[in-house]
Peer 1: 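Dropping the structure in here first, questions after.
Quick note on labels: first sequence line is chain A, next is B, and so on, each numbered from 1. Heavy atoms only: backbone and side chains are in, while hydrogens, waters and symmetry mates are out.
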Number of protein chains: 2
Amino acid sequence: MTVNTLHRPTHRDALVHLEAAFERGDMVTIFGRCTVDYDGRATSELGPGDRLVVLKPDGSILVHTDEKRTPVNWQPPGCTHSASVRDGRLLVRSTRTSPDERLDVQFERVEQCSAYAVDDRSDLELVGSEEDLRQHILSDPDVLEAGFEPLETERQSDAGAIDIFGEDADGVAVVVELKRRRVGPSAASQLRRYVDALHREFGDDEPVRGVLVAPSVTERAADMLDREGLEFVALDPETGEPPVEEDDGESRDEGETADDDGDGNRDTDDGDGNRDDA
Amino acid sequence: MTVNTLHRPTHRDALVHLEAAFERGDMVTIFGRCTVDYDGRATSELGPGDRLVVLKPDGSILVHTDEKRTPVNWQPPGCTHSASVRDGRLLVRSTRTSPDERLDVQFERVEQCSAYAVDDRSDLELVGSEEDLRQHILSDPDVLEAGFEPLETERQSDAGAIDIFGEDADGVAVVVELKRRRVGPSAASQLRRYVDALHREFGDDEPVRGVLVAPSVTERAADMLDREGLEFVALDPETGEPPVEEDDGESRDEGETADDDGDGNRDTDDGDGNRDDA
DNA sequence: GGTTATATATCGGAT
DNA sequence: ATCCGATGTATAACC
């Protein structure tokens with residue numbers, strides 16, 4: 001882990017710094033006043049302003065303002081960084097083909113330019129995904145409905161892969177579509193496409209049930225499911241159990257710390273900070 | 001535009017630096033070895049590694065590794081930053097309620113900590129959105145089909161807002177759904193929901209056409225449109241005209257700076273292969 | 001605040 | 001390479 005930083009460099013010094021960083025495979029940040037020009041899947045222009053530009057060795061580039069989680073301009077991994085000085089000004093360019101795209105960041109002033117040698121082998125471990133919900137149902141199919149028997153996951157159909165395909169207690173085919181969060185009309189439509197595909201596959205004589213599984217459902221989606229003869233089962237992706245209602249105390253105990261203050265303000269804890277722990 | 005940077009600060013010095021930056025409304029970056037812990041809509045853990053953490057004055061926080069465009073962990077705008085030192089180590093915490101979420105970044109080592117005073121009043125101007133496609137059709141409805149007359153945009157229905165509602169040359173109701181890029185089955189389903197809603201609204205006697213407008217369509221979606229009696233019209237969102245075939249160069253070039261350094265390849269157009277239309 | 005749909009979505013898996 | 005769906009999607013518009 002090393003950092004190499006130039007403060008208020010000349011554009012030419014910044015260029016040399018950048019090229020060496022690219023060569024080493026470093027991650028780079030540049031902060032300065034710049035304009036941005038993008039042409040590719042869409043086209044955009046951004047006038048002068050102060051921004052933080054991040055260049056990653058995998059070819060990604062991010063241009064961040066002081067607002068939003070999403071960069072104001074960017075390029076995904078796989079692009080090629082290049083830098084140059086034109087008319088005495090640093091130009092950082094990112095290009096790719098397929099699709100043909102170009103992102104230009106033209107600096108009026110470079111306030112800081114840093115190169116970071118990154119060592120990161122850890123992988124993110126995440127709980128609460130749709131895959132977790134699937135595992136819950138497969139390991140205990142009764143949470144879906146008594147007697148449900150999963151037969152296949154990712155079963156292919158004319159409309160795409162069905163999350164879980166199985167049979168109910170009566171041996172009727174069941175299409176199960178999983179969502180990790182509250183579902184709207186598009187999830188209902190997705191389920192319908194799969195059910196329709198199996199109807200076409202099995203013929204009209206064979207009944208096919210469709211069950212949407214998610215922690216909750218919007219009213220419009222629930223109406224649509226009703227109209228189309230589809231079903232909904234409420235399950236939480238983290239627990240695999242029906243979500244707890246919060247209208248009255250139905251707490252499953254989470255012995256949590258008392259909330260110190262109303263929200264209000266900054267609350268930057270002091271140094272010795274013994275703030276609660278989670 | 002000012003930058004205030006600490007190199008290899010003590011955790012306590014970094015804390016003071018951070019709190020002053022929060023107070024000023026600066027944007028902040030921290031580079032160092034850290035672990036990350038998230039609990040909210042889902043739950044995640046990330047073991048030790050070198051990352052770039054960006055804190056914005058609007059409450060966003062981004063944790064970036066040296067790969068991907070998407071941060072490995074983050075928090076959207078509106079969250080509250082706080083920092084503290086525990087056991088001699090810098091802890092950066094972001095919290096919000098509704099949903100209840102917490103992100104902790106615990107540093108083993110702080111390599112660099114920078115605060116940026118950002119001045120950015122420019123807004124992004126972007127061309128090629130779905131809104132642009134709509135304007136093209138509204139200003140010249142014949143590009144959709146001869147005699148088409150737009151009557152309403154964002155027309156409400158039981159299934160949601162219809163992009164463009166109008167009549168064809170015969171006075172038949174037309175639902176138009178717009179997409180800025182190649183469409184798949186979900187767009188076809190979306191159109192179907194709107195057409196179904198108008199059928200319920202108008203009754204079975206009244207015919208309702210559904211037209212999906214996009215630069216191209218996948219085969220599975222085209223099949224679905226066929227089955228459901230829906231239509232497709234190929235239009236480019238930037239030009240509002242039928243997309244050009246890419247079998248030969250149709251470069252519209254953009255008299256730009258000469259390409260300074262190596263890497264010459266350019267203009268190998270392609271994009272998304274567009275298939276037929278329906 | 002919830003709902004709905006868009007996005008230069010990004011990303012991953014399957015074909 | 002395209003297709004397809006998941007994402008802690010984020011973001012905006014509308015109610």
Peer 1: Using a heavy-atom cut-off of 4.0 Å across all strands, would you classify Ser186(B) as base, sugar-phosphate, or nothing?
Peer 2: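 Here Ser186(B) touches no strand at all.
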Peer 1: So which one's nearest nucleotide on DNA chain D is more toward 5', Ala42(B) or Arg69(A)?
Peer 2: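 The residue whose closest nucleotide sits nearer the 5' end is Ala42(B).
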Peer 1: Checking only heavy atoms, does the side chain of Gln190(A) share a donor-acceptor pair with the base of dG5(D) at less than 3.5 Å?
Peer 2: no
Peer 1: Let me confirm one number: the CG-CG distance from Leu62(B) to Leu62(A), rounded to the nearest 0.5 Å.
Peer 2: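 Result: 8.5 Å between the selected atoms.
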Peer 1: Figure out the OH/P separation between Tyr194(A) and dC4(D), and round it to whole Å.
Peer 2: 10 Å
Peer 1: Which nucleotide in the set dC3(D), dT6(C), dA5(C) lies at the smallest distance from any side-chain heavy atom of Arg182(B)?
Peer 2: dC3(D)
Peer 1: For dT2(D), which nucleotide in any strand shown is its Watson-Crick or wobble partner with both distances under 3.5 Å?
Peer 2: dA14(C)
Peer 1: Could you state the CZ-P distance from Arg193(A) to dC4(D), rounded to the nearest angstrom?
Peer 2: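 Value for this atom pair: 9 Å.
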Peer 1: For Arg180(B) and for Ala161(B), find the nucleotide of DNA chain C with the closest heavy atom, then tell me which residue's nucleotide is more 5'.
Peer 2: Ala161(B)
Peer 1: Remember a base hit wins even if backbone is also touched, and classify Ala187(B) as base, sugar-phosphate or nothing at under 4.0 Å, heavy atoms.
Peer 2: nothing
Peer 1: In whole angstrom, give me the gap between the C1' atoms of dG5(D) and dA7(C).
Peer 2: 16 Å
Peer 1: Identify whether any heavy atom of Glu177(A) sits under 4.0 Å from a base atom; if not, whether one sits that close to sugar-phosphate; answer base, sugar-phosphate or nothing.
Peer 2: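 Sugar-phosphate, backbone atoms only, no base.
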Peer 1: In whole Å, what separates the P atom of dT4(C) from that of dT8(C)?
Peer 2: 23 Å
Peer 1: What is the nucleic acid contact for Leu103(A), judged by heavy atoms within less than 4.0 Å: base, sugar-phosphate only, or nothing?
Peer 2: nothing
Peer 1: Taking side chain as C-beta onward, heavy atoms only, is Asn73(A) less than 4.5 Å from Ser44(A)?
Peer 2: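 They are in side-chain contact.
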Peer 1: Under 4.0 angstrom, heavy atoms only, what part of the nucleic acid is Ala221(B) near: base, sugar-phosphate, or nothing?
Peer 2: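 Here Ala221(B) touches no strand at all.
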Peer 1: Scan Pro185(A) against the nucleic acid and name what it touches under 4.0 Å (heavy atoms): base, sugar-phosphate only, or nothing.
Peer 2: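 It contacts sugar-phosphate atoms only.
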Peer 1: Touch check for Ser44(B), heavy atoms < 4.0 angstrom, all strands: base, sugar-phosphate only, or nothing?
Peer 2: nothing
Peer 1: Using the P atoms only, state how far dG8(D) lies from dC4(D), rounded to an integer number of Å.
Peer 2: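 Taking atom P in both dC4(D) and dG8(D), they lie 23 Å apart.
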Peer 1: Roughly how many Å is it from CD in Glu154(A) to P in dA6(D), rounded to a whole number?
Peer 2: 9 Å
Peer 1: How close or far is atom C1' of dA9(C) from atom NZ of Lys68(A), stated in whole angstroms?
Peer 2: 15 Å
Peer 1: By nearest atom, which of the nucleotides dT10(C), dC4(D), dG8(D) is closest to the Trp74(A) side chain?
Peer 2: dT10(C)
Peer 1: If you assign each of Gln75(B) and Gln156(B) to its closest nucleotide in DNA chain D, which residue comes earlier from the 5' end?
Peer 2: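 Comparing both residues, the 5'-ward one is Gln75(B).
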Peer 1: Between His136(A) and Leu235(A), is there a side-chain heavy-atom distance shorter than 4.5 Å?
Peer 2: no
Peer 1: From the options dT4(C), dG8(D), dT7(D), select the nucleotide whose nearest atom is closest to the side chain of Ser129(A).
Peer 2: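 My answer, after comparing the listed nucleotides, is dT7(D).
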Peer 1: Categorize Arg220(A) for me: base, sugar-phosphate, or nothing, with a 4.0 angstrom heavy-atom threshold over every strand shown.
Peer 2: sugar-phosphate
Peer 1: dG8(D) C1' sits how many Å from Leu133(A) CG, rounded?
Peer 2: 15 Å
Peer 1: Compare the minimum distances between each of dG8(D), dT8(C), dA6(D) and the side chain of Lys179(A), then state the nucleotide with the smallest one.
Peer 2: dA6(D)
Peer 1: Considering only heavy atoms from C-beta outward, does the side chain of Glu101(B) approach that of Thr95(B) to under 4.5 Å?
Peer 2: no
Peer 1: Round to the nearest Å and state the distance from Leu124(A) atom CG to dT9(D) atom P.
Peer 2: 14 Å
Peer 1: Distance check, C1' atoms only: dA10(D) and dA6(D), in whole angstrom units.
Peer 2: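 The answer is 15 Å between these two C1' atoms.
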